[in-house]
Amino acid sequence: MRKLWNSIAFFSHLARRSSTSYSTLRDAPFNPFIKPNKFISTPFRTMDTLVHKPSQISSRQRKIAEKSEFEEAFESAETTEEMLKAFSDMEVVFNEKELGLASLKIGLKLDREGEDPEKALSFANRALKAFDNDNKPSLPFAMTLQLMGSVNYSLNRFSDSLGYLNRANRVLGRLEDEGVCVDDVRPVLHAVQLELANVKTAMGRREEALENLRKCLEIKEMTFEEDSGELGKGNRDLAEAYVAVLNFKEAFPYCLKALEIHMKRLGMNSVEVAHDRKLLGIVYSGLEEHEKALEQNVLAQRILKNWNLNSDLLRAEVDAANMMIALGRYDEAVGTLRNVVNQTERDSESRALVLVSMAKALCNQEKFADCKRCLEISLGVLDKREQITPVEVAEAYSEISMLYETMNEFETAISLLKRALALLEKLPQEQHSEGSVSARIGWLLLLTGKVKQAIPYLESAAERLKDSFGPKHFGVGYIYNNLGAAYLELDRPQSAAQMFAVAKDIMDVSLGPHHADTIEACQNLSKAYGEMGSHALAIEFQQQVIDAWESHGASAEEELKEAQRLLDQLKRKARGTLSNEVPMKALPLPTNTPATSGVSQPDIPLRQSRTV
């Protein structure tokens, strides 16, 4: 994680401020004092033979001198141990309020080192008590609140962390309103926004985290020059955050901007440019532009090879093979992966992941026996890595499960997903992945006719993902659609209609009303109302299906014919029942059904369940 010290180090002027002495940060300067070994020259009128004695130093002056010496010792301390020793001496003569800034300074250093968050928390608490009694906001108070948020994040106390950070944000807002110098406020505000993004991401609230990351970039844009390296990094960070929620369209301009800045500042062959191109390749893949993706990947590989960054180069080569698979160039992909696998160590996680990609290519060639051999070797390695890298292993299990699903070995696929789920459930910061895996288990159970078993997994996915990707993410619609299909299978058409209505509402926004999956959701909604005997509503939504398919032109002739057939069928049924049918309005969207937010990774898609 990125701590306050690292975050505000982006700003050189704050780096200078952080090195100023403790005395310059205090509320009032220390009073001057007279050193005891100096004589005082006193005025005289006439010459005499008396020797004047130096004036006696008062106890107050002695205390001031003692404080100053302890303070100087604290400021000259360089290591944590030296700072703690000096602080212990200061505790004898300073009261708690006077120790506030010293507590803050030690807390920041301990937080930056990250080795003892509990000790950092104890100093942060002391600083908070010192500053929290003031009637007006101050910058040290805001920094202390940010430190409290950072340390609580380290301790996985996400709710506490969020509370302190939101409070820090409010204090900084008041300071800005009161006209405090923006050069002082901005670095701390950036640190708060960055930490808010970290905490919200860990809590699964990724859409909200994106807003905080956008504010981080805005602060940098107001602070640095237009083509600053920090702006290049800020744009790339935001692009990566959008990629994490599969919003490749939004990621694209930020990725391009990062590449533009780094090329201009560092040249065509810098490592930063290589990372930008690698990310741009992933974005192009997400946008289904695989040729452009491969082109960027090849350019990135050349740079990485020049810099002898073998580990990064290996990952880029695996990415390139996956792009070739997406383009249907399976033999080429297998050849690339065979070359890569020879560069990996036996029983290493890297080799296991390379074999997963090779299995993917072989599966697409329908060489299922070879595919399974690769997967078996990979699983043997991954099993030993579960406790070492649980997140990476869980992701690999999810990808392998998709290959077994492709080979119609659904029980094996479900078993692997359950293993992934067991790993992710222990990691609170991975609840978005947990929800995504749970949703896939629900889908596969639904697909294999185990409807009652599917519903709890789908509902659990909804609970885990409700805040992760926003209420209008396309994946939300897919999960609701699957829940609707499950309820329809259980002869609960009213519950099904509610789920299909939510799915359609989300897909109208996220995919557009004429997208094939949106049309499918509308078709399912029509069927649910038909099952309920509400033929008027069923006909209304079926007509919407026909109108949407008509907009596709000749490419959707078969779909249009089927939709018209179903409309005619509904009309025939309605003729015999409309006279007795009680008029009914469309069902309201459920208010207590947990929302969900789709998928967390490109390799874990949620599929729509067709009910017609």
Side-chain angles (χ1 to χ4, degrees), residues 1-3 6-7 10 153 190-191 193-221 224 228-263 265-266 270-289 292-293 296-297 299-301 303-304 309 311-313 315-316 318-320 322-323 389 391-392 395 429-433 436 468-470 473 475 597-604:
M1 65 168 278
R2 286 177 269 191
K3 305 295 185 183
N6 290 331
S7 176
F10 287 140
Y153 173 78
H190 178 274
Q193 293 297 327
L194 185 61
E195 205 69 58
L196 279 168
N198 290 337
V199 174
K200 290 177 181 178
T201 298
M203 297 175 75
R205 295 160 61 174
R206 292 189 166 228
E207 286 292 331
E208 293 180 42
L210 281 169
E211 180 60 31
N212 295 115
L213 287 174
R214 280 194 292 268
K215 289 180 180 177
C216 284
L217 182 57
E218 289 170 5
I219 293 170
K220 285 188 174 185
E221 288 172 340
F224 294 101
S228 148
E230 290 302 331
L231 284 184
K233 185 176 184 303
N235 276 278
R236 188 170 68 209
D237 288 344
L238 190 50
E240 288 174 342
Y242 275 116
V243 167
V245 297
L246 306 185
N247 193 337
F248 302 106
K249 184 177 180 181
E250 289 291 337
F252 185 64
Y254 293 107
C255 193
L256 284 181
K257 184 63 177 177
L259 179 60
E260 176 189 338
I261 291 172
H262 286 140
M263 286 174 61
R265 186 176 181 83
L266 303 171
S270 73
V271 174
E272 296 301 323
V273 168
H275 291 320
D276 293 337
R277 290 197 181 281
K278 190 166 178 283
L279 179 61
L280 186 56
I282 294 171
V283 172
Y284 275 129
S285 288
L287 295 171
E288 303 290 332
E289 298 186 43
K292 290 183 179 179
Q296 292 298 323
N297 181 280
L299 292 172
Q301 283 190 51
I303 300 171
L304 294 171
L309 297 173
S311 178
D312 289 334
L313 179 59
R315 286 192 290 270
V318 174
D319 287 343
N322 288 327
M323 293 168 188
T389 53
V391 175
E392 289 77 7
E395 290 175 355
Q429 68 272 26
E430 292 297 324
Q431 65 171 351
H432 59 289
S433 297
S436 184
S468 292
F469 301 102
H473 191 277
S597 58
V599 291
S600 63
Q601 304 159 22
D603 58 346
I604 309 182

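Counting from 1, the numbers follow the sequence of the chain as shown. Keep in mind that the numbers below use all heavy atoms, side chains included, and drop hydrogens, waters and symmetry copies.
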**Message:** So which atom in Tyr242 and which in Ala251 form the shortest heavy-atom distance, rounded to 0.1 Å?
**Reply:** CB-CB, 3.6 Å
**Request:** Give a yes or no on whether a salt bridge exists between Arg236 and Glu272, defined as a side-chain N under 4.0 angstrom from a carboxylate O.
**Result:** yes
**Request:** Apply salt bridge (Lys or Arg N to Asp or Glu O under 4.0 Å) to Arg315 and Asp319, showing your working.
**Result:** CA-CA 6 Å; Arg315 286 192 290 270; Asp319 287 343; over 6 Å; no
**Message:** Nearest 0.5 Å, please: how far is CG in Leu304 from CG in Leu299?
**Reply:** 11.0 Å
**Prompt:** Nearest 0.5 Å, what's the CD-CD1 distance between Gln193 and Ile219?
**Reply:** 5.5 Å
**Request:** Over all heavy atoms of both residues, which pair between Ala239 and Leu279 is shortest? Give the atoms and the distance, please.
**Result:** CB-CD2, 3.9 Å
**Prompt:** Hey, what do you get for CG (Leu217) to CG (Asn235), rounding to the nearest 0.5 Å?
**Reply:** 5.0 Å
**Request:** Determine, for Lys233 against Glu230, whether the closest basic-nitrogen to carboxylate-oxygen distance falls under 4.0 angstrom.
**Result:** no
**Item:** Residue pairs involving residues 244-257 (criterion salt bridge (Lys or Arg N to Asp or Glu O under 4.0 Å); sequence neighbours excluded)
**Value:** Lys257-Glu260
**Message:** Measuring from atom CD1 of Ile303 to atom NZ of Lys278, what distance do you get when rounded to the nearest 0.5 angstrom?
**Reply:** 13.0 Å
**Message:** For Asn297 and Gln301, which I'm curious about, is there any donor-acceptor pair between the side chains at under 3.5 Å?
**Reply:** yes
**Prompt:** Looking at side-chain heavy atoms only, is the closest gap between Leu210 and Arg206 below 4.5 Å?
**Reply:** no
**Request:** Given side chain to side chain contact (heavy atoms under 4.5 Å, CB included), test Leu196 with Glu211 step by step and report yes or no.
**Result:** CA-CA 10 Å; Leu196 279 168; Glu211 180 60 31; over 6 Å; no
**Asked** Of the non-hydrogen atoms in Gly281 and Ala293, which two are nearest, and what is the gap between them?
**Response** O-CB, 3.1 Å
**Value rounded to 0.5 Å, distance of NZ in Lys220 from CG in Leu194** = 8.0 Å
**Prompt:** Could you state the interatomic distance from NE2 (His275) to CD (Glu240), rounded to the nearest 0.5 Å?
**Reply:** 9.5 Å
**Message:** Under a 3.5 Å distance rule, please check whether Thr201 uses its side chain to pair with a backbone N or O of Ala197 as donor and acceptor.
**Reply:** yes
**Asked** So which heavy atom on Asn198 is nearest to which on Tyr153, and how close?
**Response** O-CE1, 3.6 Å
**Prompt:** Can you check whether Arg277 reaches Met263 side chain to side chain, under 4.5 Å on heavy atoms?
**Reply:** yes
**Prompt:** With ring centroids as reference points, do Phe252 and Tyr284 lie under 6.0 angstrom apart?
**Reply:** yes
